[in-house]
Amino acid sequence: MKAYYSARAPYYDAVYEQPERAADIAFLRDHLPARFSGRRVLEIACGTGYWSQHLAPACTGLVATDGLDAPLAFAKQRPGVDPACCLVADAYALPESLGQFEGAFAGLWLSHVPIARRGEFLCGLHRRLRPGARVLFIDNSEVQCRDYPICDTDADGNTYQMRPLRDGSQHRVLKNFPHESELRAMVQTFGAELVDYRSLDNFWIFEYQLPA
Ligand SMILES: C[S@@+](CC[C@H](N)C(=O)[O-])C[C@H]1O[C@@H](n2cnc3c(N)ncnc32)[C@H](O)[C@@H]1O
């Protein structure tokens, strides 16, 4: 997946230019910053910083992280984003040096987390968050499979897609489509309170709050 997203970084933003996604994107561009207003926020797997540029002006401070340098180089150039706060960090090993946050956001990331690693990812994320922190994930709905059909399912139930890049190479990418009940169960063990789940035409939104 890392080779795939490194190579795709220069033209990754094409996903936000698809006409059928325009209404959802417009909604999210208003909705997401409002959910984090006045909070110090940690963004996971920020990629090229498409959402970072919308979140940063609303937050008290945004630290945007990604596992790879190539997409982060684009995030650093986004208006309103502090390049010094764009940091390489593995989502499964978020260092203490990042600090403590009242909010966390990840766009189109949870779908890439293997089912067996969801707990590990959330444990590590929650260690970086203060009590009462707000966490919000957005991701693709199954409509996205029209572009990339599921080609494989492994023994754990993870699904995979073959993704072509512009250089003609093909990449087998883990991409899951968790249902609302799975998401609820995933955070229940942390005593989290569900704030919102909603389906848009192309994306879902899942928001919860950690115990105070
Ligand atoms: C689908 S992109 C999402 C980018 C951005 N959040 C967005 O919504 O446009 C997935 C991102 O996950 C990053 N990534 C892959 N493995 C990672 C890891 N172990 N830790 C942190 N980021 C990772 C990739 O570099 C890529 O930027």
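Numbering of ligands and ligand atoms starts at 1, following listing order. One is the number of the first residue; the rest follow in order along the sequence. If you're wondering where the values come from, they're calculated on a predicted model, not measured in any experiment.
With F203, F105, Y5, Y92 as candidates, the residue nearest to atom 10 (C) of ligand 1 on a non-hydrogen basis is Y5.
Between K2 and ligand 1, no pair of N/O atoms sits closer than 3.5 Å. For a threshold of 3.5 Å applied to N or O pairs, the pair formed by D66 and ligand 1 contains at least one separation below that value. Considering backbone and side-chain atoms alike, G107 places an N or O below 3.5 Å from some N or O of ligand 1. At least one N or O atom of A91, backbone or side chain, sits closer than 3.5 Å to an N or O atom of ligand 1. Considering both main-chain and side-chain atoms, I44 never comes within under 3.5 Å of ligand 1 through any nitrogen or oxygen pair.
A 4.5 Å side-chain heavy-atom check between F137 and M186 finds at least one atom pair inside the cut-off. Counting heavy atoms from C-beta on, the side chains of M1 and H112 come closer than 4.5 Å. Contact check for N176 versus R118: side-chain heavy atoms found under the 4.5 Å cut-off. Side-chain atoms of D82 and V63, non-hydrogen and from C-beta on, never get closer than 4.5 Å to each other.
Nearest protein heavy-atom neighbour of atom 22 (N) of ligand 1: G67 N, 3.0 Å. When hydrogens are left out, the protein atom nearest atom 4 (C) of ligand 1 is A45 O, 3.5 Å; that is the closest non-hydrogen contact. Y16 OH, 2.9 Å is the protein heavy atom nearest to atom 8 (O) of ligand 1.
Near M1, meaning under 4.0 Å from any of its heavy atoms, are these atoms of ligand 1: 15 (C), 16 (N). Proximity to W51 (heavy-atom distance under 4.0 Å) selects the following atoms of ligand 1: 7 (C), 8 (O). Every atom of ligand 1 with a heavy atom of D90 under 4.0 Å away is listed here by number and element: 18 (C), 19 (N), 20 (N). The ligand atoms of ligand 1 that sit less than 4.0 angstrom from a heavy atom of A89 are 20 (N), 21 (C). The atoms of ligand 1 that sit less than 4.0 Å from any heavy atom of W109 are 12 (O), 14 (N), 15 (C), 16 (N), 17 (C), 18 (C), 19 (N), 23 (C). Here is the list of ligand 1 atoms found below 4.0 Å of a heavy atom in L68: 25 (O).
Centroid-to-centroid, the aromatic rings of H179 and F206 stay 6.0 Å apart or farther.
Between K175 and N158, the side chains place no donor N or O within less than 3.5 Å of an acceptor N or O (distance only, hydrogens not considered).
We find that R78 and D13 are joined by a salt bridge, their nearest charged nitrogen and carboxylate oxygen being less than 4.0 Å apart. Ion pairing between E102 and R134 fails under the 4.0 Å rule for side-chain N and carboxylate O.
Between Y50 and Y16, the ring planes are parallel. Angles under 30° get that label, and only those over 60° would be called perpendicular.
With a heavy-atom cut-off of 4.0 Å, C46 touches ligand 1 through its backbone alone.
Here the side chain of N140 pairs no donor or acceptor atom with the backbone of F203 at under 3.5 angstrom.
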